[in-house]
Every structure is written in C-alpha cells, then in structure tokens.
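For reference, the structure is listed below as structure tokens.
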Amino acid sequence: MAKNSEIKLIGTAASPFVNRVQFVLHLKSIEYEFIDENLASKSELLLKSNPVYKKVPVLIHANKPPIPESLIIIEYLDEIYPDIHPILPSDPSVRADNRFWANFIDTKFFPLFEELRRTPEKEGKEAIKKQLIEGSKLLEEAFVKFSNGKDYFGGDDVGYLDIVLGCFLGWTKFVEKHNEFKIIDEVRTPKLLEWTKRIWSHEALMDAIPRNETLMDFYMMLQINRPPRKATSS
Ligand SMILES: N[C@@H](CCC(=O)N[C@@H](CS)C(=O)NCC(=O)O)C(=O)O
C-alpha cells in the first residue's frame, strides 16, 4: 500500500458512506488512519470537522480543511491520485450521467431503507418495498447501459457507480433478510444480481464492508436513538 499517513478518515465501520470511501482508498492503495466515531455520542473532532451535517465520513488530508460528504471525498481522492485506479469516467457526458445516477442512489433509493425501518404499519412497509423494487429495476437498466456487456458499471473494472452502489450491498442483504423480500433477484434484475456477486467478493470491497454482526449492532443503535415512528390509529 502507498504510504500516506497524512490521510485520516473519521468514520464508523457500519456506515455505507464510510465504506464507500474505504472502498476507494483500498482500490487506490492509499494508506490511511481510521478514526472510529461513536455516533451515539459524537466527538469534538467530528463536530468541528463537519459542523453543518455532523455526519461521517469526514476525510482529513494533512493540514487542509476537512472534507465531509462521501461523494465529494471520493472525487477528491480521484483528483489527487488520478493515476492509480481512476474511478470517474473520462468523457464529461458519461461522467455527468454517472453523477445523475449517484444522486438517484443517494437521494431516492437508499433513503428507502431507513424509511422501511421507521415505518410501523405493514401496509406502509409494503408500499416502500414496492418503491425499492421499482428503484432496483431502474438500476438494472442503468447497469445494462453503462456496463455495455461487461462486468461492471465502469466496464472492465470497478468504476464510480460500482463504488457508489456497491457500498450498500451489506445493508441490502441485511434489509432483505430482516424484511423477507428480495430487492435484487434473478427475475427482475438478473444483471444486477450477477454484478452483486462480483462486487461482494471484490477484495477492495470485502475489506471495507462489515458483515452481519456490526450491521446488527448499528441497527440496534438506530432502533434506540431513532426508533420507528408510532403507528397512526385509524
Ligand atoms: N450524504 C452523506 C451521508 C452520510 C451519513 O448519513 N452518515 C451517517 C452514518 S451512515 C451519519 O453520520 N449519521 C449521523 C447522524 O445522522 O447524526 C454522505 O454521503 O457522506
């Protein structure tokens, strides 16, 4: 791994947004120091480094201003290490389209996971499951378009959208298991299913994404600190 003790990452192991950054750090062989954050009792360092959102991840690079927001961080890493495993496509139009889908994933698709957890009624949960399935079909179409018959969104190798979506695979599996349904399956999203198998066993992601126990601990922390909403009586 390239020596770079000047990079520090404030994060928590169960956060997919943190894992997203770790995925890129591993792909680019950048050595970094991980500063473990307790989100139930946030540190002064986090509050000072990300005073606006108070969220992880935050990247600290030497004595430069801290960088919050996972998408901004991974683009920054791609800019400062452009030669080792470039992640953003070089064509501006394809790059814009990649960013469009990243925005869809972060603002429309993944928030449904939390919505599902917080919704108390069965009926409401079923409606959210449908939205997740609709979202996964759109992602299947995006995958077919970007991969162009190859293995990844990025083509022959892991690219921007592989990282942006791949970091949610641990939580996807967790949500599927605990809600007894499939978001990605062989009938509706066959290409995406094959892709998940490839990404899930990719060395750089395997090292970044925690497997079940850590996710369950984080889930329990959320259940306590941000419990499901109360059911509305009809
Ligand atoms: N848009 C942010 C989202 C980061 C985020 O939601 N982080 C969560 C952990 S998964 C967090 O720090 N939550 C603390 C809080 O909401 O107070 C990013 O991409 O970095």
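Basis for what follows: all heavy atoms, side chains included, without hydrogens, waters or symmetry-related copies. Whatever order the structure lists them in is the order used to number ligands and atoms, beginning at 1.
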Inset, instruction - Would you check if there is a donor-acceptor pair between the side chains of His202 and Tyr152 at a distance under 3.5 Å? - result: no

Legend entry - Co-members of Leu47 in a cluster of I, L, V, M, F, W and Y side chains, linked at under 4.5 Å: none

Inset, instruction - Search all heavy atoms of Lys54 against all heavy atoms of Leu46 and return the closest pair with its distance. - result: O-CD2, 3.8 Å

Legend entry - Contact list for residues 167-190, test side chain to side chain donor-acceptor pair (under 3.5 Å), sequence neighbours left out: none

Legend entry - Neighbouring protein residues of ligand 1 - any heavy atom closer than 4.0 Å: Ser15, Phe17, Leu39, Lys42, Lys55, Val56, Pro57, Glu69, Ser70, Arg226

Legend entry - ring pair (Phe, Tyr, Trp, His ring centres under 6.0 Å) involving Phe104 - partner list, sequence neighbours excluded: Trp101

Legend entry - Test: Lys28 cationic atom under 6.0 Å from Tyr81 six-membered ring centre, within 45° of axis: no

